*Asks:* 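Let me give you the structure first, and then I'll get to my questions.
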Amino acid sequence: MQRIGVFVCHCGSNIAATVDVKKVAEMALMEPGVVHAEDYQYMCSEAGQARIQEAIKEKNLTGIVVCSCSPRMHENTFRKAVERAGLNPYMVEVANIREHCSWIHKDIEEATKKAVILMRAAVAKVNLNTPLKPGESRVTKRALVIGGGIAGIQTALDIADAGYKVDIVEKTPSIGGRMSQVDKTFPTLDCSACILTPKMVEANAHENITIYTYSEVENVSGFVGDFTVDIRKKARSVDMTKCTGCGVCQEKCPSKKTPSEFNRGLNNRSAIYTPFAQAIPNVPVIDREACIKFKTGKCGLCSKVCQAGAIDYDQKDEIITEKYGAIVVATGFDMIKLDKYDEYAYSQSKDVITSLELERIMNAAGPTKGHLERMSDGKPPKEMVFIQCVGSRCSDDRGKSYCSKICCMYTAKHAMLIRDKYPDVNVTVFYIDVRTPGKNFDEFYRRAVEDYGVNYIKGQVGKVIPQSNGKLLVRGVDLIDQKQIVKEADMVVLAAAIEPNPDVRKIATMLTASIDTNNFLTEAHAKLRPVESPTAGIFLSGVCQGPKDIPETVSQAGAAAVKAIGLLAKDKLMTNPCTAHSDELLCNGCSNCANVCPYGAISYEDKEVNDHGKREVRRIAQVNSALCQGCGACTVTCPSGAMDLQGFSNRQILAEVDAICR
Amino acid sequence: MSTEKKQAEQIKEISGVNPLKCMKCGKCSASCPSYNEMDIKPHQFVSYVQNEDIESLVNSKSLWKCLSCFACVERCPRDVKPGKLIDAARQIVVRQKGQDYLLADEIPELLDPDVPQQLLVSAFRRYRR
Amino acid sequence: MYKIAKENLPALFQRIAEGQDLILPISNGGQVNYGVWTEDADVDIETLKSVKSPKDAFFPQSENLYTCVREGKKLQITPEELQQKDFVVFGMKACDIQGVEVLDKVFLSEPVDTFYAARRQHGTIVAMACHEPEETCFCKVFGIDAAEPKADVATWLIDGELCWKPLTEKGETLTKAVADLLSDDAAADAKVENEKSAIRAIIDKLPYSDLSLEGWNGDALTEKFNSPVWEELYKPCLACGTCTFVCPTCQCYDIKDYDTGHGVQRYRCWDSCMYSDFTMMAHGNNRNSQMQRFRQRFMHKLVYFPANNDGMYSCVGCGRCVEKCPSALNIVKVIKAFQNQGGENA
Amino acid sequence: MQELIARAKELLANGTVARVLGWKAGDLPYNPEPAYFEKEEDFKDFVYNGFCGANLSKYMIEATKLEGKTLVCLKPCDTYSFNQLIMEHRVDREKAYIIGVGCKGKLDIEKIKKQGIKGIQSISGAEITDDAETLTINTLYGDKTIPYADGMLERCHVCKGKEHKIYDEIIGESKDTKDADRFDEVSRIESMKPEEKFAFFQKELSKCIRCNACRNACPACSCRKCVFDSNKFDSSQKANVDSFEEKMFHIIRAFHVAGRCTDCGECSRVCPQGIPLHLFNRKFIKDIDEFYGEFQAGEDITVKGPLTSFTFEDVEPSVVAERG
Amino acid sequence: MSIEANEEFRPKIVAFCCNWCSYAGADLAGSSRLAYPADVKIIRVPCSCRVNPMFILRAFEKGADGVIMCGCHPGDCHYSTGNYYARRRMTLLFSMLDYIGVENGRTRVEWVSAAEGVKFSTTMNEFVEKIHSLGKNVRLGDLRCRN
């Protein structure tokens, strides 16, 4: 029989105002095993913890129940407190009488009754608790960064600088990501490539960084400190060790009809290509879908012109298996598809473009060599209309419910750059709100209005109608002047919402990291742990966690790196002791548990058991407690009840059920 | 409950619209083909309901200028559907008038051979409820 | 000898059930078992054997012993009340009545089982002769006369009439209570005599009636216990409890506690020596193979029990286990197996 | 039967197998028992007829632990159970020599007796070799004849087919005796009102005596120690104290074999109280078929069971309420 | 302690919540002060796949009037696949309970994320209301537990 102490917290008035804490303590003394009960202002305070420790010593307590806030809040605090008093930390159970009781009920009598029942359930459980000891697992001192955009590059650089090996896996042929597609950055208007390229080069040259481009994560197993990852290095068809990056193959390639991904399909690229001039590595890949050699077997021109002999049509996908201690996700974003926004005529007119397409048009290396012109006829525009919040802040299923955060600022940037370079172009921006929280952001927006004469209209556009004269009829509203505006424009730029990279779902599943309804990766705590995933050892960098601009991304990337470094710096990790274990006398060896284990933690061995004097070799399930994460799937699938979960055993849960129902 | 509040609740109930979801972007007004004819603009309908000023709505010209084309309903990013509010306000008027609304029997007398079928249906939709 | 027409039996049952419980064979979901009579019960006195024996009437499968209610740290203990109300068991066959006598040996010897004793005291048994004995019956082997059951009242169901003969004081009392429904008929005696001889004639023809119990007694203990025959015999046994739960003489029980949330209800329930946790103790089980448990059942019935009860076997030849064993094992096969074995060895 | 005996003796003699698991004639015309035969002379009692209903797969759990191979006679439906046991590593295929024996439907003595037949002395027509369509029963109270099909076990009326799913050789012809849909009764119950359903099962389960025959005969209930026998769940055993316990026992029993139950029908065959226990198992089978696609346990040992697999698009539990 | 006829029916409701999503959702409902009846008592389990049908039957046995299980949304399981198994298990169990005549509103599964405090609270309100409409659980309880 345990000797249990029950400690009821007032939480100031958070609990005590609705729950009669004295009554709860008094009722606790009636429960079997309870030898001590008291209430106190703040159990989590120094003084509160000291009271628990004193009681443990004075009354030889073997089990502790704290009736307080959610165990998600202070379970650890109390575990540590009892450990200092010499008790096993897993002999503590928390009855959640704040979030689950005092905060949601008004009637004191009712709330007190419920608090008593919750206390009883915790006492019933702790009666069956057993001391648990965490195991230890080693930490592989290498990190994986998934995604080679600015977020991934920054994280990798910071980890590498701290002295740990880092691998970057990038899906496209070059690192650089979205930032490499951007022309200028707000609010300083520096050239994006000018600040990104040095970082790309630094990453490429760093002795601690290995970059796998044109590669994807194929499989992840293991757990914090000891992940095993399979990386598929797709066949580039070009030998990276031989290629000099001269570019002749791309010039000579006869297949030049593939829309350029980098230029958002505004122009075409060859079948053998590097996405952009500053690509790292500066080694082209052959797009086998487009390549004539691969389609027909004839051609082979690139191979003939390559002096280095780097073209290798027989190259195969390669699987690299590597161990990592920490994984950082930096998978970034894409613009949403606009096919559901037919009213803006995006699919009907080439002159309705997205902001990212405008970036490419404005860029000197872009499809128009940096000249602002209409994609339909190459003529310079005179009237430009920008439409904000296309697909952002939508509560229907066409768009996203969130604010994409970056559009207000980049639209101001675009408007300003256009007015600066082409003063005769009229720029109108239809907006709902202009959101400029950020250092020098509002000043930047005001400059666009005040110094550059950008016409901001509060109101939304209802429809864009392509005219037979090639112009676009824009029908919007000015909510301030209370009038409908019908305007002819030469180009319309849509600030399309951004969304997480669609691949992130697959990656999240592999990592067992949770994801929200918008496909953004969930952070462990919205305020206090914003760069960690709830899954241990997985960190979040950049837009995969939520919309961000470049400086925010870079600072989050650094934060994720610090968290990863903090993990890699440890030699050993304590593992969760709440793992499954099988009772060898009950186990049938039927394999049902192994079939449902998501971690491959269960194996079988032929073992001699002594079943009440009867010795027999039996096939018995064995749980690798370093791999087991304690979900309990196996415990339910086991028909004989041989599999049980420490800390949440069948009998413990049944005891709680009984206590609640009695 | 005051009459105003009651009416506002009634409109919300009939239309199934929650005016609090409106983010005042004006896309409804931008989309409206009758905008210039209206004294109370589509986006204002929402705030009138919010402010429980149903009297003004009921007496507005707009109520009968709306073509029920539902462009605003289709395009509203917040699923607020101003068109449905207008429809609901009409319903209130009809209910106030009691039985004094267009009946199917009356149509032949009113019927002009040149009236397109569509108009008839739309008129019926507007005045029959 | 009294008699009553078969169609008047419902009235008789109604009368008996006034002021006391009447337990008799009732058909439910296609199976006949003894149960408490109610007006809408589907009484079936034609079927020879109920699935379970009627021993429940005196020794229920499960019964409460006492109840503890906990309030705070105080416990209140309420013992279960003993049977106080009279009851009648109607339709018991000669073998089942012998079964009760076996139970008497166990529960009425010191220390007396008060729960059982109270039920015996308050129960009146109305027996019925076996009109058409079946091939699984072997009561004759144990000296039981299915044609003339010994009870408080004996009855015979002949040609649509139930002949009724009180045999004890309890029987006389019951007869008096229902006298107006019965008619006295001297001619019935002859009919009953005819019926008895017809029954006995059939019994003589039954395949098991010539079964020999030679060698089954207390003296045979060591020899039987150590016989290699058990090792072969038990193999088809699935270790279910069917044979023990349908048996009129199996008397082993287990005592268990049920957590009611407010305290504990202590009850006893039939146990089966076929179960792996039979007589399980803290150190484990002293019969930890199915062979040992299987042997226990038959050794108990045919060796240990007669050794302690003046030669009385604790099998009555009702044949229920013969009918119900899922593996077609039964006590007859066991007895025969030893005979064959003996023959071969000799 | 003679061919079977001859082949069994041959395999025993040439050392292929160490023992034969079959049936031994009983002392009544209808009660043969599962038995091992190790010597040639044992075969004088060997029998295989319409009353050999037991599914010997269950016995193979212990038999394949013995030294040497065991020859086992399996009927077509028994082979599903054997496959399932292979999947769960409960039998050792290497130590089994499977003779697929012919089957033309097995007989239910309870069902025969229910037809007013008692005092049985002999039965003809139950031998597997002849094609008799009728059973002739000689009793102390006169001779009776009934059509063979009227004496058949419920499970044989919904026969899974005459194909053996696993065997080393086949001896004897089998016949598909299916003449009813196995889900008819389940559907009938499903269409009842809740209170009718409850009354139906209450009535049936009230007969339960907790003898555990259903569990112990079941080849899927092969746990070394059942949860109802261990103290892990504080689930009491062998007491029929309260109606709840029977429900708990039978629901959990069926749940534990859901997706693993081959619908061999042993549970219903062995129940001394004639409770149609297969109605629980078949409900799960019917639901699994409807929700997750047709699945027959024991048919293909490479397919994962429906409760140890899933798809992303599985129906939500609310489907139960929505179905009405 | 017999229940008097006029005494208001207070259902006993057991809610199994997974630690990562639904328990946190319940916490959020609490910190957002989103009330639901005190009849609901939550048991924390690591994952919905830890919920054994035995637990649910046991709750009914001991007098619960309703049992609800909450887990992460399919696809969001902290253990990646646990709730998919739970979904199958509960579908089959609920179907069986329905089959033996237990009112199917007494059991429910709801996927509640850590961010869905509102959903947790409305779900619980709805569920309690449903149990009120069904009344006391008389079909599955063990009589010995009633007093």
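Lettering follows sequence order; numbering is per chain, from 1. Heavy-atom basis, side chains included; hydrogens, waters and symmetry copies ignored. Note that this is a predicted model, so its numbers are computed, not measured.
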*Asks:* Do other residues, nucleotides or ligands put more than 12 heavy atoms under 6.0 Å from A/Lys337 NZ?
*Replies:* no

*Asks:* Let me know if A/Asp583 has heavy atoms under 4.5 Å from chain D in its side chain, its backbone, both or neither.
*Replies:* side chain

*Asks:* Check the surroundings of atom CD in D/Glu94: do more than 12 heavy atoms from other residues, nucleotides or ligands lie under 6.0 Å from it?
*Replies:*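 Open.
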
*Asks:* For D/Glu163, look at atom CD and say whether over 12 heavy atoms of other residues, nucleotides or ligands are found less than 6.0 Å away.
*Replies:*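 Counting neighbours around CD of D/Glu163, 12 or fewer heavy atoms of other residues, nucleotides or ligands fall under 6.0 Å, so no.
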
*Asks:* Which atom names give the shortest non-hydrogen contact between A/Leu586 and D/Arg224, and what distance separates them?
*Replies:*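 Looking at all heavy atoms of both residues, the closest pair is O-CB, 4.5 Å.
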
*Asks:* With rounding to the nearest 0.5 Å, note down the distance linking CG in D/Asp229 to OG in A/Ser640.
*Replies:*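 Rounded to the nearest 0.5 Å, the CG-OG separation comes to 11.5 Å.
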
*Asks:* Let me know if A/Cys593 has heavy atoms under 4.5 Å from chain D in its side chain, its backbone, both or neither.
*Replies:* neither

*Asks:* Step through the shown structure and confirm whether more than 12 heavy atoms of other residues, nucleotides or ligands are within 6.0 Å of OH on D/Tyr167.
*Replies:* no

*Asks:* State, yes or no, whether a side-chain contact exists between D/Glu88 and A/Asn588 at a heavy-atom distance under 4.5 Å.
*Replies:*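 The answer is no; the side chains never approach within 4.5 Å.
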
*Asks:* What part of D/Lys225 is in contact with chain A, defined as an atom under 4.5 angstrom from a non-hydrogen atom: side chain, backbone, both or neither?
*Replies:*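 Both backbone and side chain.
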
*Asks:* Quick one: does D/Arg260's side chain get under 4.5 Å of A/Pro639's, heavy atoms only?
*Replies:* yes

*Asks:* Search all heavy atoms of A/Thr637 against all heavy atoms of D/Thr308 and return the closest pair with its distance.
*Replies:* OG1-CG2, 3.7 Å

*Asks:* Below 4.5 Å from any heavy atom of chain A, which atoms of D/Ser309 appear? Answer side chain, backbone, both or neither.
*Replies:* neither

